[in-house]
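Heads up: the structure comes next, in structure tokens.
Hydrogens, waters and symmetry mates are skipped; everything else that's a heavy atom, side chains included, is used. In each ligand, atom 1 is the first atom listed, and ligand 1 is the first ligand listed.
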Amino acid sequence: MGSEPEAQDEVWPIIWCYDGWLPLKERLQRILPPWAALRVLDPSRPLSEQCADAKVLIPTTGPVDAAAIYAAADLRLIAQPAAGYANIAVDAARQRGVPVTIAPGLNCHSTAEVALMLILMLARRADDVRAAFARRVIGDPVGTELHGKTLGIVGMGQVGSCLAAAARGLGMHVIGVGSKSSRADLEALLSGSDVISLHCHSTPQTRGMIGAAELALMRPRALLVNTARGDVIDDAALLEALQAGRLGGVGLDVHTVEPADPEAPLYKHPKVLALPHCGNTTEEVYARNAELLRDNIVAAREGTELRHRLC
Ligand SMILES: NC(=O)C1=CN([C@@H]2O[C@H](COP(=O)(O)OP(=O)(O)OC[C@H]3O[C@@H](n4cnc5c(N)ncnc54)[C@H](O)[C@@H]3O)[C@@H](O)[C@H]2O)C=CC1
Ligand SMILES: O=CC(=O)O
């Protein structure tokens, strides 16, 4: 007859709630204690049907809804390895007394670098010049210099501030709005910027914030970049603006639905440069995030203090 396992040997099921960000999952796997059993959800079935035994949920960009939070009867932690957390039913977690941790600031440099990369690629027409190289054409197409141009940043938080510093280094004039700015401030930014970069969270106030009226305010050749969250832009209005010949270029790292459908008309538009939500995808960010996840999982088990606790 075997004896009951010691409490310290109890296995903790930990669910990776999305079938992306897998290199981060591998890094975490390598540094987790032996009692932590990490598994990736089956994306063909709802999370709530596969998390009944979970002690920890790791959302990344997968939806962690109230049904999943209530289905996991002994849930101890929701550990979000990201700054954004609009995909998590935080109110349900709060009601159930399940702590939620996030990862603010860990990826601000990497994400600002991707925003800058998109701005540079759009301004210098990266796709077109690469095609010109293949055709052995020199001196055409013609790009736009950023020096002296105005960059408007919507959301001057950690990512927005990093981008502002880099853009100032390139000689750009930077203006910004935040959560306390007025509608008039936003309108002045939209109409007064050559490049607009979005860096606010997805909230009820910011969802659909860039719609037809806001796009109409932008300069005809303005560049628009989004590395925040897809739903901050109204996709239908954006496609309509592009089809009407407005805007100089659009760079999207984040999408209303992820992974996005590359065949959708928005992504087929020649002025759209789309990336697969890679703002945070660097060795450095994944190393920092894996350590934060590990530390918080261990703290949840030991009942010690959690880092970057949201609720
Ligand atoms: N593409 C990627 O891989 C990444 C995306 N992100 C996204 O970037 C967002 C920002 O991240 P952080 O800078 O770390 O967050 P943060 O909290 O430091 O900054 C957010 C800023 O948005 C501002 N804000 C809030 N409501 C606003 C409104 N209505 N209008 C204008 N500004 C408003 C706030 O005042 C704050 O300064 C995250 O929510 C996440 O969605 C963050 C990291 C990686
Ligand atoms: O999308 C990434 C994040 O940190 O938010």
Pairwise side-chain contact, Thr282 with Val285, heavy-atom cut-off 4.5 Å (strictly under): yes

Protein contact to atom 1 (O) of ligand 2 [nearest heavy atom, distance to 0.1 Å]: His277 NE2, 2.6 Å

Location of contacts on Arg229 toward ligand 2, heavy atoms closer than 4.0 Å: side chain

Polar atom proximity, Ala83 to ligand 2 (N or O, under 3.5 Å): yes

Hydrophobic cluster membership, Val250 vs Leu275, 4.5 Å side-chain cutoff: no

Pairing residues for Arg219 by the salt bridge (Lys or Arg N to Asp or Glu O under 4.0 Å) criterion, not counting sequence neighbours: Asp194

Heteroatom proximity flag, Pro81 to ligand 2, N/O under 3.5 Å: no

Reported CD1-to-CE distance for the pair Ile119 and Met172, which is rounded to 0.5 angstrom: 6.5 Å

Residue pair Met218 / Ser193, side-chain heavy-atom distance below 4.5 Å: no

Ile69 CD1 to Ile88 CD1 distance, which is reported to the nearest 0.5 Å: 7.5 Å

Counterpart residues, salt bridge (Lys or Arg N to Asp or Glu O under 4.0 Å), relative to Asp235 (two or more places apart): none

Report each N/O pair between ligand 1 and the protein that falls under 3.5 Å, naming both atoms.
residue  : atom   : partner : partner atom : Å
ligand 1 : 1 (N)  : Thr227  : O            : 3.0
ligand 1 : 1 (N)  : Asp253  : OD2          : 2.9
ligand 1 : 3 (O)  : His277  : NE2          : 3.3
ligand 1 : 3 (O)  : Gly279  : N            : 3.3
ligand 1 : 3 (O)  : Asn280  : N            : 3.1
ligand 1 : 13 (O) : Gln158  : N            : 3.2
ligand 1 : 13 (O) : Val159  : N            : 2.8
ligand 1 : 15 (O) : His201  : NE2          : 3.3
ligand 1 : 17 (O) : His201  : NE2          : 2.8
ligand 1 : 18 (O) : Gln158  : N            : 2.9
ligand 1 : 35 (O) : Ser179  : N            : 3.3
ligand 1 : 35 (O) : Ser179  : OG           : 3.4
ligand 1 : 37 (O) : Gly157  : N            : 3.3
ligand 1 : 39 (O) : His201  : ND1          : 2.4
ligand 1 : 41 (O) : Ala228  : O            : 3.2
ligand 1 : 41 (O) : Arg229  : NH1          : 3.2

Ligand 2 contact on Asn107 by region, counting heavy-atom pairs under 4.0 Å: side chain

Tabulate below the donor-acceptor pairs under 3.5 Å that side-chain atoms of residues 43-64 make, not counting sequence neighbours, or state none.
residue : atom : partner : partner atom : Å
Ser44   : OG   : Asp42   : OD1          : 2.7
Ser44   : OG   : Asp42   : OD2          : 3.2
Arg45   : NH2  : Glu49   : O            : 3.2
Gln50   : OE1  : Asp42   : N            : 2.9
Gln50   : NE2  : Asp42   : O            : 2.8
Gln50   : NE2  : Arg45   : O            : 2.8
Gln50   : NE2  : Pro46   : O            : 3.4
Asp53   : OD1  : Arg39   : NH2          : 2.9
Asp53   : OD2  : Arg39   : NH1          : 3.0
Lys55   : NZ   : Glu10   : OE2          : 3.4
Lys55   : NZ   : Asp74   : OD2          : 2.3

